[in-house]
Every structure is written in C-alpha cells, then in structure tokens.
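Okay, so here's the structure we're looking at.
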Amino acid sequence: MNEASRTVLIGNDAAVLGLLAMILGFVFWGASRERGFWKKFYAVVPAILPCYLLPAIANSTGLVDGAGSGLYPMARDYLLPASLVLFCVSMDLKGIVRLGPKALVMFLTGTVGVMLGALVAFEAMRFIHPATVAGETWRGMTTIAGSWIGGGANQAAMKEVFAVDATVFGQFAAVDVIVAYLWMAVLLFMASRSAAIDRWNRADTSAIDDLRRRISDYQAQHARVASTTDLMLIFALAIGITGLAHLLTDPLVAWVRAAPAAWRLQDYSLDARFFWIVVFATTFGVLLSLTRARQLEGAGASSVGSVFLYILIATIGMQMDLKALADKPLLLLLGLIWIGVHGGLMLLVARLIRAPLFFMAVGSQANIGGAASAPVVANAFHPALAPVGVLLAVMGYALGTYCAYLTGLALRALAA
C-alpha cells in the first residue's frame, strides 16, 4: 500500500505517544504481578518482547502509522543518546575491559555471517525460485548488506555505488526492516533463556557474572531514595550531554563532508550525524563514569535510562508492518535464509569458543541493527552491558561500506 494514501485511526503523534506509554505501562504492570495469568505469561515471554510487538501490531492493523510518525526519529536522536549517557555513567569500565576478546570475535563473525549469508541465500533462491534472483535482485541485496553490517548510511552508499533502482531499493528496504526486526525479536527471546543456553554451550560467563555482581554491589552500596534534586541532575546530565553531542556533531559532519576527497572519510560513514551523536554521548558518559557523577546510579540513573530505552523499543516496533510479510514472500524467504546463515554461523562459533550468549546476541545485533538497537539487546541481559553493544555497533559503521562493497562484487559475479 502506498504510504501516502494509508488511512490510520490515530494520526496525532501526541496521541500515539500516549498509546505507547499505556502499552509500556500495561506490560510492566503485568510483568510485576506475583500470581495469576500474567505471572505465568511472563514466566515464558520476556517483558521486552510485547513492548516491541504490540506497537508492531498497532502499526500493522492501521491503528497508527509508524513510518509517518516523527516519534522514532525523536527517540533515536534524543532518548537513545540520553539513555547511553546514563548507562555509561553507571558503567564499570574495568569490568567491561575484563570481558575479554570474545565479544570482538563474535562481532566479526557476525560480519562474515552477513557476507556469507548473502551468497548462500542468492544460490539457494536460484535453486528454489530462479525468477526471484533474476535481473537486478543482486543489486538490491547489496543495500541490505550495507545496512546489516553498518547502518543506514552504508545502505545508502550501496544504493549509489551499485546504481540500485528505486523500486528494487524499496522492496529490499522492506525486507531489511521485517527480517531485521524479526531477528531482533528472536534475540530478545533468547536473552530471556540465556542461562539455559549458556549451560548447553558450556560457556564461560564468569566475566559477565562478575560485572553484574560488581554493578549490583555498587547499586546496593549507594542506593538511596531519589530526591527531586537527584532526578533533575539525572535529567540535566542525560539531556545536557545529548544536546552537547548534537552541538558538536553538526560542525564536525560539515567539516567531514567538505574534507578533500583524497581523505575518503565518507567511505567510513564518518559523515553520518547519528554516528557522531552516539560516539559523543558514549564518550562523555564513559568519562563521567570516572567522576563522582557515577554516584547518581544510587538514585536510579540507569533506571531512568531504561525508561528512555523502552520508549525507543516501542517506537522501533512501530516501524514494522507485519502484513508486508505476505506482499513479497519469496524475497522475504531470501532474507530469512540470509539471516539464518548469519545466525547459524554465530551459534557455531559461539559453541566452538564457548562464548556466552550475550556476546553472540550483541555481536549479531551490532551488525544487523547497529547503534540504535544493539544497546536494546544488551540491556535485555543487564543495563550495565548496554555500552558494550554501542562500542561494537560503532565499529560496524567503519566496516559496513567496505564489506558490503566486497559482498556486492561477489553477488555480481554470481549473477553474471
């Protein structure tokens, strides 16, 4: 359906935000029940999943228009950086360093999985239904490779590099959103079963457990009833640093775009505003964690950050149109095969090196979803781990254009 002609029941963003707030309140009210149906329901379904899927249902049924709403850009540009500041202020930097190299190994495995998955999916669909991968399909696949390794800027770069037709680009943009968000839902569900999966995998979770314990001990040691002053300081820190990140980003991006072509800074997606906003917010948050500002965790800094993040989760869910699953079933099958290869390779390597599920899930989402959703998956394990997702996702911006370009060359060779 043409987005411009789509009729929705609630088109006012203020009303949509109110609906999302009620959804989040309803979910957390149910998750807090100690008996009855909701106790049994949330023993099976992690609370974060309906926060994501209920807005998707609202969008798919025409109750709201996720694509036409300004709420997601607002949450992405303002609430996400603010939540990153608060998570980083509360972080245990030494504990994160002690997590070791397995997180990086799993992230790079995810990148290879996206590249390999493109080739496997192309060949599989050529066997299953050759018409699906005939013609210009390979060009559209390069845009997904850019998105799933780097992000939107890398996706746009592949569109230009491989001269992707607007119609083909639109088709694969839909496949990108649907498959990526379905995969995110799978990761969130797995996160709620991480202990059992890690036992099956015989993973060494000691470093993660130690970090969680250190954070919990710190919170217990400094816990206090938050005063109005505490909450205002938390708000000032989060929104103030977010504003500073935006302030510094604009002239820096302008400088990057005006830099000599020989420097090739744009090849690394260094002209993307969102990239720098995340980098600045994370950097300032980490620096503040080394000061007395970290004591705001005792007043609930990371809890406020979680509120911001859950609003983002709801707006992310609102971007997904479940009805579109029936519009292009064979292209979607291609995407599902692709993500299946990626996920299968990550599970295999995690098994071989006995990496915890956390490293697999966040390494995957840092590729597939980037900085906007990697912290969401990391937060499903523990708020203290959200910065790990950000750090890995930032790497994806640099790798995205080059790895997607190599994938495009390989796809072109297969299609020839």
Where [X] and [Y] come nearest, the two heavy atoms and their spacing:
X: Ser83; Y: Leu80; result: OG-O, 2.7 Å
X: Leu309; Y: Val376; result: CD1-CG2, 3.9 Å
X: Cys51; Y: Val27; result: SG-CG1, 3.6 Å
X: Asp77; Y: Pro81; result: O-CG, 3.2 Å
X: Arg33; Y: Lys39; result: O-CD, 3.6 Å
X: Ile197; Y: Met190; result: CD1-O, 3.8 Å

Spell out, as yes or no, whether a donor-acceptor pair under 3.5 Å connects the side chain of [X] to the backbone of [Y].
X: Asp176; Y: Ser147; result: no
X: Asn12; Y: Ala14; result: yes
X: His246; Y: Ile277; result: no
X: Thr242; Y: Ala82; result: yes
X: Lys102; Y: Ile353; result: yes

**Message:** So Ile241 and Phe280, do their side chains get closer than 4.5 Å, heavy atoms only?
**Reply:** no

**Request:** Kindly indicate whether the side chain of Val8, heavy atoms from C-beta on, has any atom under 4.5 Å from the side chain of Val64.
**Result:** no

**Asked** Would Phe107 and Phe359 count as a close aromatic pair, with their ring centres under 6.0 Å?
**Response** no

**Request:** Assert yes or no for the condition that the ring centre distance of Trp138 to Phe162 is strictly below 6.0 Å.
**Result:** yes

**Item:** Over-ring placement of Arg193 relative to Trp200, 6.0 Å and 45° cut-offs
**Value:** no

**Request:** Name the orientation class of the two ring planes belonging to Tyr52 and Tyr181 (parallel below 30°, tilted from 30 to 60°, perpendicular beyond 60°).
**Result:** perpendicular

**Prompt:** Under the salt bridge (charged side-chain N to carboxylate O under 4.0 Å, His left out) rule, what pairs show up with a residue in residues 123-146, not counting sequence neighbours?
**Reply:**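 As it turns out, the salt bridge (charged side-chain N to carboxylate O under 4.0 Å, His left out) pairs with a partner in residues 123-146, which skip direct neighbours, are Glu123-Arg126, Glu136-Arg139.
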
Roughly how far apart are [X] [atom1] and [Y] [atom2], rounded to 0.5 Å?
X: Leu63; Y: Ile57; atom1: CG; atom2: CD1; result: 11.0 Å
X: Asn59; Y: Thr315; atom1: CG; atom2: OG1; result: 11.5 Å
X: Asp13; Y: Leu19; atom1: CG; atom2: CG; result: 11.5 Å

Side-chain donor-acceptor contact under 3.5 Å, [X] with [Y]:
X: Thr205; Y: Asp198; value: no
X: Trp183; Y: Ser364; value: yes
X: Thr132; Y: His129; value: yes

**Message:** Show, in sequence, the C-alpha distance, side-chain angles and deciding distance for Leu237 and Leu288, and conclude whether the side-chain contact (heavy atoms from CB on, under 4.5 Å) test is met.
**Reply:** CA-CA 10 Å; Leu237 199 66; Leu288 286 169; 3.7 Å; yes

**Request:** Answer yes or no: is there an ion pair linking Asp250 with Arg273, defined by an N-O contact shorter than 4.0 Å?
**Result:** yes

